[in-house]
Amino acid sequence: MATTQIVDNFKNTAINTAQTAFTATIPVAIEAFTATNNSTVNASYKVYIVSASGVEVPIMPFKILVWGRFDVGVGIVNQVIPAGGQLKVESSALDSIYFTSSARAV
């Protein structure tokens, strides 16, 4: 199946709180992931792939992103989000980190 964008410039609305950026209806594998810090402050972020049963453990437990920079989330690429599972992200500063991701069905 073709690659599809699943997250488009998602940003958190609360600091240090995991928020759902995408919910999978079928199992998908992440093909690309980018976190971009468009602010003037350094910020950290975490990424979670949550199972359908709700187990929430960060895949990317803590990454500092300097302002004006981006990260391609190498450890997240090829991770599978199961059917009913979610991709969640959190950041340490509001209006700082924007998340974009694409995936393909597996």
Side-chain angles (χ1 to χ4, degrees):
M1 182 172 218
T3 299
T4 305
Q5 188 169 20
I6 59 171
V7 179
D8 183 18
N9 287 319
F10 178 87
K11 64 179 180 173
N12 292 91
T13 58
I15 60 170
N16 298 323
T17 303
Q19 295 180 297
T20 303
F22 173 75
T23 301
T25 55
I26 60 171
V28 296
I30 296 173
E31 292 255 310
F33 180 89
T34 305
T36 305
N37 188 341
N38 286 336
S39 71
T40 58
V41 298
N42 298 339
S44 65
Y45 75 93
K46 297 179 184 178
V47 180
Y48 304 80
I49 293 179
V50 181
S51 67
S53 62
V55 176
E56 189 174 285
V57 177
I59 294 271
M60 178 80 62
F62 182 77
K63 180 80 177 196
I64 296 174
L65 195 53
V66 176
W67 65 274
R69 300 290 183 171
F70 68 93
D71 182 59
V72 294
V74 173
I76 300 163
V77 173
N78 291 321
Q79 296 289 329
V80 174
I81 304 171
Q86 299 173 324
L87 177 66
K88 290 188 173 186
V89 294
E90 75 177 77
S91 58
S92 65
L94 289 179
D95 297 324
S96 60
I97 300 178
Y98 293 76
F99 301 95
T100 302
S101 185
S102 61
R104 62 176 162 70
V106 291

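Predicted, not measured: the structure shown is a model, and the values here were computed from it. Counting begins at 1 with the first residue of the sequence.
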Parallel, tilted or perpendicular, as decided by the 30° and 60° cut-offs, for the rings of Phe33 and Phe99: tilted
If hydrophobic clusters are built from ILVMFWY residues whose side chains come within less than 4.5 Å, do [X] and [Y] share one?
{"X": "Val47", "Y": "Val7", "answer": "yes"}
{"X": "Ile76", "Y": "Phe22", "answer": "yes"}
{"X": "Phe70", "Y": "Ile59", "answer": "no"}

Go through the structure and list residues passing salt bridge (Lys or Arg N to Asp or Glu O under 4.0 Å) with Lys46, not counting sequence neighbours. none
Counterpart residues, salt bridge (Lys or Arg N to Asp or Glu O under 4.0 Å), relative to Asp8 (two or more places apart): none
Compare all side-chain heavy atoms of [X] with those of [Y] and state whether any distance is below 4.5 angstrom.
{"X": "Trp67", "Y": "Val41", "answer": "no"}
{"X": "Val89", "Y": "Ile97", "answer": "no"}
{"X": "Ile81", "Y": "Ile30", "answer": "yes"}

How far apart are the C-alpha atoms of Val80 and Val28, what are their side-chain angles, what is the distance that settles it, and do they pass the side-chain contact (heavy atoms from CB on, under 4.5 Å) test? CA-CA 6 Å; Val80 174; Val28 296; over 6 Å; no
Approximate separation, where rounding is to 0.5 Å, of [X] [atom1] and [Y] [atom2]:
{"X": "Tyr45", "Y": "Glu90", "atom1": "OH", "atom2": "CD", "value": "12.0 Å"}
{"X": "Ser101", "Y": "Gln79", "atom1": "OG", "atom2": "CD", "value": "11.5 Å"}
{"X": "Gln5", "Y": "Thr100", "atom1": "CD", "atom2": "OG1", "value": "6.0 Å"}

Could you tell me which non-hydrogen atom of [X] sits nearest to which non-hydrogen atom of [Y], and how far apart they are?
{"X": "Leu65", "Y": "Ala35", "result": "CD2-O, 3.4 Å"}
{"X": "Ile6", "Y": "Leu87", "result": "CD1-CD2, 4.5 Å"}
{"X": "Ser92", "Y": "Ile15", "result": "O-CG2, 3.8 Å"}
{"X": "Pro82", "Y": "Ile49", "result": "CD-CG2, 4.2 Å"}

Would you say the side chains of Thr34 and Thr36 form a donor-acceptor pair under 3.5 Å? no
Tell me whether Glu56 contacts the main-chain N or O of Tyr48 through its side chain, where contact means a donor paired with an acceptor under 3.5 Å. no
Whether the side chain of Asn38 engages the backbone of Ser96 through a donor-acceptor N/O pair (distance < 3.5 Å, no angle test) should be reported. no
Looking at Asn12, Asn16, Thr17, which one forms a side chain to side chain donor-acceptor pair (under 3.5 Å) with Ser91? Asn12
